[in-house]
Every structure is written in structure tokens, then in C-alpha cells.
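Here is the structure we will look at, set down as C-alpha cells.
Index from 1, following the sequence. Only this structure's heavy atoms are used, side chains among them; waters, hydrogens and symmetry mates stay out.
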Amino acid sequence: VQLVESGGGTVQVGGSLRLSCAASGSSFSFSNYCVGWFRQAPGKEREGVARVDRSGTSIYADSVKGRFTISEDNAETTLYLQMNSLKAEDAAMYYCAASPRSSCPSSSLWYYGMDYRGKGTLVTVSS
């Protein structure tokens with residue numbers, strides 16, 4: 001399974017971006033995986049942003065609730081992260097990650113336990 005993120009860039013405070021994560025691999029479908037987005041800013045700890053757990057429930061970090069939305073396309077091969085009302089503190093490298101539903105990590109540090117992750121896309125927020 002390969003995950004490739006795109007859609008990062010520079011946006012002003014209050015602006016929006018939509019990140020994409022394209023998945024490839026034999027018969028891949030996001031419906032068979034738990035998926036998520038996490039981020040890491042320079043000098044800071046990795047932070048889980050949003051995920052869809054094995055039951056299909058979307059879970060968001062408190063810092064992005066009401067502003068970010070995780071979704072996937074109908075073909076279930078592209079994962080999205082719609083980011084609205086961006087703040088300076090949202091600036092980071094954003095990564096998508098996935099694990100088969102049979103091995104979804106369930107802890108609050110789920111982003112350390114995912115089987116697959118992309119190389120990231122950089123989001124810069126200017127004031």
C-alpha cells in the first residue's frame with residue numbers, strides 16, 4: 001500500500017485548504033482500513049488530527065473540531081482533509097496513515113501504530 005499526500009501550500013490565517021491522500025495497492029479500498037491524518041510541526045510532538053476508526057466513526061482532535069473534516073471519495077481510494085478557518089498553529093507537515101481494520105490501533109497515540117503512512121504535505125499559515 002502506498003499513500004501519497006497532496007494539497008499543501010501557503011494560506012493566510014482564516015483561509016482553507018483541502019489535503020488529499022491517494023492510495024494505491026492491490027485491491028485497495030479505504031473501507032477496509034482505519035485511516036487518519038496526523039501532523040508534526042518543527043520542534044513539536046506529532047499530533048493526531050482526525051481519524052476514522054474501525055467502526056467508521058470520525059474522531060477529531062479538540063484543536064480542530066468544527067474546522068476540519070475527514071472524508072473519502074466514492075471510489076474509496078482517496079482520503080481528504082478539509083481544513084477551514086486555519087490558524088497559525090495549524091502550520092505543520094501533514095501525513096495520512098492507514099491500517100487494516102483488523103489491526104487498527106485504538107489508543108490516543110494511534111498515529112504511532114498505523115501500518116502505512118505517506119511522506120507528507122506541508123501546510124504553511126501566514127498572518
Side-chain angles (χ1 to χ4, degrees):
V1 174
Q2 286 189 319
L3 304 175
V4 179
E5 302 93 338
S6 62
T10 300
V11 63
Q12 289 190 327
V13 169
S16 298
L17 279 176
R18 189 176 78 159
L19 306 184
S20 299
C21 174
S24 62
S26 177
S27 301
F28 182 89
S29 170
F30 275 122
S31 63
N32 298 324
Y33 289 76
C34 55
V35 296
W37 291 89
F38 65 92
R39 66 188 181 188
Q40 189 163 22
K44 294 189 176 180
E45 293 291 323
R46 192 177 294 183
E47 179 188 18
V49 174
R51 67 186 175 105
V52 181
D53 68 10
R54 66 177 70 196
S55 69
T57 301
S58 297
I59 301 169
Y60 297 92
D62 287 343
S63 58
V64 306
K65 277 181 184 176
R67 300 188 298 120
F68 290 13
T69 304
I70 188 171
S71 63
E72 60 192 49
D73 69 341
N74 289 335
E76 299 177 339
T77 57
T78 303
L79 184 70
Y80 301 104
L81 184 69
Q82 178 67 44
M83 305 187 297
N84 299 328
S85 302
L86 281 160
K87 304 176 180 180
E89 53 263 41
D90 294 320
M93 186 72 82
Y94 282 72
Y95 302 87
C96 68
S99 277
R101 286 186 185 268
S102 59
S103 61
C104 288
S106 58
S107 76
S108 59
L109 300 178
W110 57 268
Y111 37 90
Y112 284 111
M114 300 292 256
D115 292 332
Y116 308 103
R117 53 166 275 190
K119 294 184 178 180
T121 185
L122 183 64
V123 173
T124 304
V125 183
S126 63
S127 56

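Cluster partners of Tyr80 are absent, since no Ile, Leu, Val, Met, Phe, Trp or Tyr has side-chain heavy atoms less than 4.5 Å from it.
Residues Val49 and Tyr111 are members of separate hydrophobic clusters, defined by side-chain heavy-atom contacts under 4.5 angstrom among Ile, Leu, Val, Met, Phe, Trp and Tyr. No continuous path of hydrophobic side-chain contacts links Phe38 to Val125 [ILVMFWY only; heavy atoms under 4.5 Å]. Connection of Val11 to Phe68 is established within a shared hydrophobic cluster, with ILVMFWY side chains joined at heavy-atom distances below 4.5 Å, either directly or through further cluster members.
Surrounding CD of Glu76 are more than 12 heavy atoms belonging to other residues, nucleotides or ligands, all under 6.0 Å away.
Side-chain atoms of Ser31 and Glu72 include no donor-acceptor pair closer than 3.5 Å.
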message = If you apply the rule side chain to side chain contact (heavy atoms under 4.5 Å, CB included), what do you find for Tyr33 with Val1, and how did you get there?
response = CA-CA 11 Å; Tyr33 289 76; Val1 174; 3.6 Å; yes
Full working for side chain to side chain contact (heavy atoms under 4.5 Å, CB included) between Ser99 and Arg54 = CA-CA 9 Å; Ser99 277; Arg54 66 177 70 196; over 6 Å; no
inquiry  = The test is side chain to side chain contact (heavy atoms under 4.5 Å, CB included); show your working for Val123 and Leu19 and say whether it passes.
reply    = CA-CA 9 Å; Val123 173; Leu19 306 184; 4.0 Å; yes
task = Apply side chain to side chain contact (heavy atoms under 4.5 Å, CB included) to the pair Thr10 and Ser126, showing each step before the final yes or no.
result = CA-CA 7 Å; Thr10 300; Ser126 63; 4.3 Å; yes
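For the pair Leu79/Leu81, no side-chain contact is recorded, criterion being any heavy-atom separation below 4.5 Å from C-beta on. Between Pro42 and Met93 there is no side-chain heavy-atom pair separated by less than 4.5 Å. Side-chain contact check for Val52 versus Trp37: every heavy-atom pair is 4.5 Å or farther apart.
In this view, Ser6 and Ser20 satisfy the side chain to side chain contact (heavy atoms under 4.5 Å, CB included) rule, not counting sequence neighbours. Every side chain to side chain contact (heavy atoms under 4.5 Å, CB included) that Ala75 has, sequence neighbours left out, goes to Asp73, Thr77. Contacts of Asp53 classified as side chain to side chain contact (heavy atoms under 4.5 Å, CB included), with partners at least two apart in sequence or in another chain: Arg51, Ser55, Thr57, Ile59. Every residue two or more places apart in sequence or in another chain that forms a ring-ring contact (aromatic ring centres under 6.0 Å, His included) with Phe30 is listed here: Phe28. Taking Ser16 as the reference, Asn84 meet the side chain to side chain donor-acceptor pair (under 3.5 Å) condition, with sequence neighbours excluded. Shown here are the side chain to side chain donor-acceptor pair (under 3.5 Å) partners of Gln40, two or more places apart in sequence or in another chain: there are none. Residues satisfying the salt bridge (Lys or Arg N to Asp or Glu O under 4.0 Å) criterion with Lys44, sequence neighbours excluded, are absent altogether.
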N/O donor-acceptor pairs under 3.5 Å from side chains in residues 113-121, not counting sequence neighbours:
residue	atom	partner	partner atom	Å
Asp115	OD2	Ser103	OG	3.2
Thr121	OG1	Gly8	N	3.0

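Pairs passing the side chain to side chain donor-acceptor pair (under 3.5 Å) check and including a residue from residues 85-96, sequence neighbours excluded, read Arg39-Asp90, Arg39-Tyr94, Arg67-Asp90. Residue pairs that meet the disulfide (SG to SG under 2.5 Å) test with at least one member in residues 95-127, sequence neighbours left out, are Cys21-Cys96, Cys34-Cys104.
Lys65 and Tyr60 make their closest contact through CE-O, 3.4 Å (heavy atoms, listed as atom of the first residue, atom of the second, distance). Looking at every heavy atom in both residues, Leu3 comes nearest to Ala23 through CD2-CB, 3.7 Å. Ser127 and Val13 get closest at one heavy-atom pair: CA-CG2, 3.9 Å.
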